[in-house]
Protein chains: 2
Amino acid sequence: MTKLTSLKSEKRLLDRRAADQIRAHILDGVLPAGARLLETQLSEELEVSRGTVRSALAQLAGEGLVQQVAFTRWEVSGASVADAWEIYTLRGVLEELGARLAVANITEADGARLRSIVADLLRAIREERFQDATDIDFDLHAAIIALARHRRLAEQHRFIMQQVRFHMVQSGFLPKNYDELIAEHAALVDAVIARDAETAERLARSHNEAEVKLLTRLLRQGEATEAAAG
Amino acid sequence: MTKLTSLKSEKRLLDRRAADQIRAHILDGVLPAGARLLETQLSEELEVSRGTVRSALAQLAGEGLVQQVAFTRWEVSGASVADAWEIYTLRGVLEELGARLAVANITEADGARLRSIVADLLRAIREERFQDATDIDFDLHAAIIALARHRRLAEQHRFIMQQVRFHMVQSGFLPKNYDELIAEHAALVDAVIARDAETAERLARSHNEAEVKLLTRLLRQGEATEAAAG
DNA sequence: GCAACCGGAATTGCTGACAATCAATAATCG
DNA sequence: CGATTATTGATTGTCAGCAATTCCGGTTGC
């Protein structure tokens with residue numbers, strides 16, 4: 001929950017760093033879904049011009065974290081059931097592709113690295129450092145995607161995982177069963193290391209199946225009650 | 001091969017319209033892969049300020065059509081074998097998801113619309129209007145994706161298809177076998193209409209498999225010769 | 001009482017000018 | 001003569017200000 005601080009130092013482009021700060025605030029939940037973003041206020045807090053803020057907001061819009069209502073406002077994107085359903089279904093196929101391609105590329109050293117990340121995850125859970133565990137979970141998936149050596153896939157995956165993280169923060173979502181979580185990840189990593197593309201693919205895709213099914217049901221319910229109300 | 005013309009009229013935001021014009025020029029092949037884009041020149045041709053051009057270029061960068069080299073240049077993205085491989089593999093899983101979801105949503109009217117698009121495609125090919133045929137091909141895939149009712153998927157698919165189109169223009173790619181093309185599309189549409197998710201999914205994914213396999217082979221060759229040279 | 005209309009304040013959209021950076025070339029030194 | 005360092009021109013990055021649009025309150029007319 002750090003405060004927005006001034007930039008103007010370092011080497012990266014100003015608008016990127018402005019986007020970094022705003023993004024961090026969104027992902028931390030400081031700026032909740034639907035929150036309005038005022039260009040002037042942000043430019044004062046970040047000590048950059050409005051144009052730079054505008055560029056940063058446009059980037060975040062491209063990442064799906066922010067929405068622009070022309071001539072009217074910028075706001076943090078929604079975290080509705082429909083959004084979550086979109087995010088998790090997309091994640092599923094991206095990770096399916098990632099796992100398939102990772103199998104084709106993985107080396108011994110890569111396999112060792114994945115195994116060590118799983119070990120870290122296990123340790124964090126045993127020691128009840130659940131925030132760390134979530135971070136490591138994300139790292140593991142990113143590491144598998146990286147093995148796919150697919151620039152566009154990696155970028156899309158990063159954006160989707162940002163939205164997953166945002167949705168988890170907004171909805172207060174936490175894994176229910178850590179043993180199962182560990183088992184699933186271990187099985188996926190094993191399949192990738194064993195170069196068993198079919199299994200890896202299936203596990204990657206089914207990793208979120210429970211959430212997707214729940215969300216699909218909620219979505220159907222929502223549509224039904226909406227139809228009944230209208 | 002129309003010339004870039006002035007904007008400043010209509011209701012949409014200026015930077016969006018600027019992006020539209022530049023995008024059209026890229027997709028038409030007027031601006032080839034690697035071409036440098038000068039902010040000043042574009043701003044003069046489009047009769048908008050440099051800031052507006054900058055915003056437009058940033059959007060196109062988000063769509064993957066343009067790349068920014070900080071402090072140095074904007075250029076049209078590459079159309080290398082690696083790029084094509086990325087584009088087609090991503091397209092595969094996006095359309096796989098789209099087909100699966102379309103099956104869950106499709107109505108009789110939707111089915112009729114898809115069939116009529118296939119008929120249009122067949123007619124265009126029989127009459128040897130191959131440019132039209134390509135457009136209709138794209139329309140058909142977009143129509144199936146639209147049935148998925150998945151905003152994020154539709155957007156990503158639009159971006160990927162833009163890149164597919166660009167790559168086709170750059171490489172002079174043309175389908176080799178129009179009969180097979182028709183048969184594949186008809187089979188996919190039939191499967192979606194029949195609500196056969198498994199078949200639809202498989203057909204959507206395998207639709208580009210020939211290209212992907214070719215590209216994978218080319219990519220491996222490229223890496224091999226590079227390694228031999230280095 | 002209520003709807004339509006009109007201002008003014010707040011906010012976003014766009015621009016021109018200035019600063020920072022880079023690439024290419026000329027000048028300098030060994 | 002070759003390598004390294006200024007210099008210069010071109011290009012991108014950032015800013016502050018004006019213009020256009022929307023939102024919200026009050027006012028007017030019915």
Side-chain angles (χ1 to χ4, degrees), chain A residues 4-23 25-26 31-78, chain B residues 4-23 25-26 31-78:
Chain A
L4 290 176
T5 72
S6 167
L7 307 171
K8 63 174 179 186
S9 52
E10 297 185 46
K11 197 74 192 184
R12 295 182 57 222
L13 256 36
L14 259 186
D15 55 351
R16 310 293 176 90
R17 284 184 286 153
D20 289 346
Q21 295 240 1
I22 301 170
R23 185 189 301 111
H25 267 52
I26 293 174
L31 294 167
R36 181 165 191 184
L37 299 163
L38 294 180
E39 295 180 359
T40 308
Q41 180 188 329
L42 289 172
S43 83
E44 280 171 12
E45 288 182 4
L46 297 169
E47 296 185 53
V48 296
S49 82
R50 253 188 63 224
T52 303
V53 168
R54 218 155 200 306
S55 170
L57 290 174
Q59 284 172 239
L60 296 176
E63 297 177 15
L65 291 178
V66 152
Q67 281 177 315
Q68 180 180 30
V69 185
F71 291 109
T72 305
R73 64 197 299 164
W74 295 89
E75 59 192 26
V76 178
S77 293
Chain B
L4 290 176
T5 72
S6 166
L7 306 172
K8 64 174 178 186
S9 52
E10 296 186 45
K11 196 76 190 181
R12 297 181 56 222
L13 257 37
L14 257 186
D15 56 350
R16 310 293 176 89
R17 285 184 283 151
D20 289 345
Q21 294 241 0
I22 301 171
R23 186 189 301 111
H25 267 53
I26 294 174
L31 294 167
R36 182 166 190 185
L37 298 164
L38 295 181
E39 295 181 358
T40 308
Q41 182 187 329
L42 289 172
S43 84
E44 281 172 10
E45 288 183 1
L46 297 168
E47 297 185 53
V48 295
S49 82
R50 251 190 65 225
T52 303
V53 167
R54 239 165 126 51
S55 171
L57 289 174
Q59 286 171 239
L60 296 177
E63 298 176 14
L65 292 178
V66 151
Q67 283 178 313
Q68 180 179 29
V69 185
F71 292 108
T72 305
R73 63 196 302 167
W74 295 89
E75 58 192 25
V76 178
S77 293

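All chains are named by letter (A, B, ...) in the order of the sequence lines, taking the proteins before the strands, and each is independently numbered beginning at 1.
Here A:Ser43 pairs with A:Arg50, A:Val53 under the side-chain contact (heavy atoms from CB on, under 4.5 Å) rule; sequence neighbours left out. Take B:Ala70 and apply the side-chain contact (heavy atoms from CB on, under 4.5 Å) test, not counting sequence neighbours, and it matches A:Leu13. For A:Arg16, there are no salt bridge (charged side-chain N to carboxylate O under 4.0 Å, His left out) partners two or more places apart in sequence or in a different chain. Every salt bridge (charged side-chain N to carboxylate O under 4.0 Å, His left out) that B:Arg73 has, sequence neighbours left out, goes to B:Glu75. For the side chain to side chain donor-acceptor pair (under 3.5 Å) test, residues two or more places apart in sequence or in another chain that qualify with A:Gln41 are A:Glu45. B:Thr72 is linked by a side-chain contact (heavy atoms from CB on, under 4.5 Å) to B:Val69, counting only residues two or more places apart in sequence or in another chain. Remark: B:Ser55 pairs with B:Asp15 by the side chain to side chain donor-acceptor pair (under 3.5 Å) rule, at least two apart or across chains. By the salt bridge (charged side-chain N to carboxylate O under 4.0 Å, His left out) test, B:Glu63 is found to be paired with B:Arg23, residues two or more places apart in sequence or in another chain being considered. Residues passing the side chain to side chain donor-acceptor pair (under 3.5 Å) test with A:Ser77, sequence neighbours excluded: none.
For DNA chain D, the neighbouring residues in residues 64-77 of chain A, judged by any heavy atom under 4.0 Å, are A:Phe71, A:Thr72. Scanning residues 33-40 of chain A for heavy-atom distances under 4.0 Å to DNA chain C yields A:Arg36, A:Leu37, A:Leu38, A:Glu39.
The nearest whole Å value for the distance from the CZ atom in B:Arg16 to the C1' atom in C:dC14 is 14 Å. Distance A:Leu13 CG to C:dT21 P: 10 Å, rounded to the nearest Å. Rounding to whole angstrom units, CG of residue B:Leu42 and P of C:dT15 are separated by 14 Å. Residue B:Glu44 contributes atom CD, which lies 13 Å from atom P of C:dT15 at whole-angstrom precision. For the pair B:Asp15 CG and C:dT12 P, the interatomic distance rounds to 15 Å; values are reported in whole Å.
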*Check the pair A:Arg17 / A:Val48 against side chain to side chain contact (heavy atoms under 4.5 Å, CB included), numbers first and verdict last.*
CA-CA 10 Å; A:Arg17 284 184 286 153; A:Val48 296; over 6 Å; no
*Evaluate the side chain to side chain contact (heavy atoms under 4.5 Å, CB included) criterion for residues A:Leu57 and A:Glu39: first the C-alpha distance (whole Å), next the side-chain angles of each, then the deciding distance (0.1 Å), finally the verdict.*
CA-CA 9 Å; A:Leu57 290 174; A:Glu39 295 180 359; 4.2 Å; yes
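Taking every nucleotide of DNA chain D with any atom under 4.0 Å from a non-hydrogen atom of chain A, the first and last of them, 5' to 3', are D:dG13 to D:dC23.
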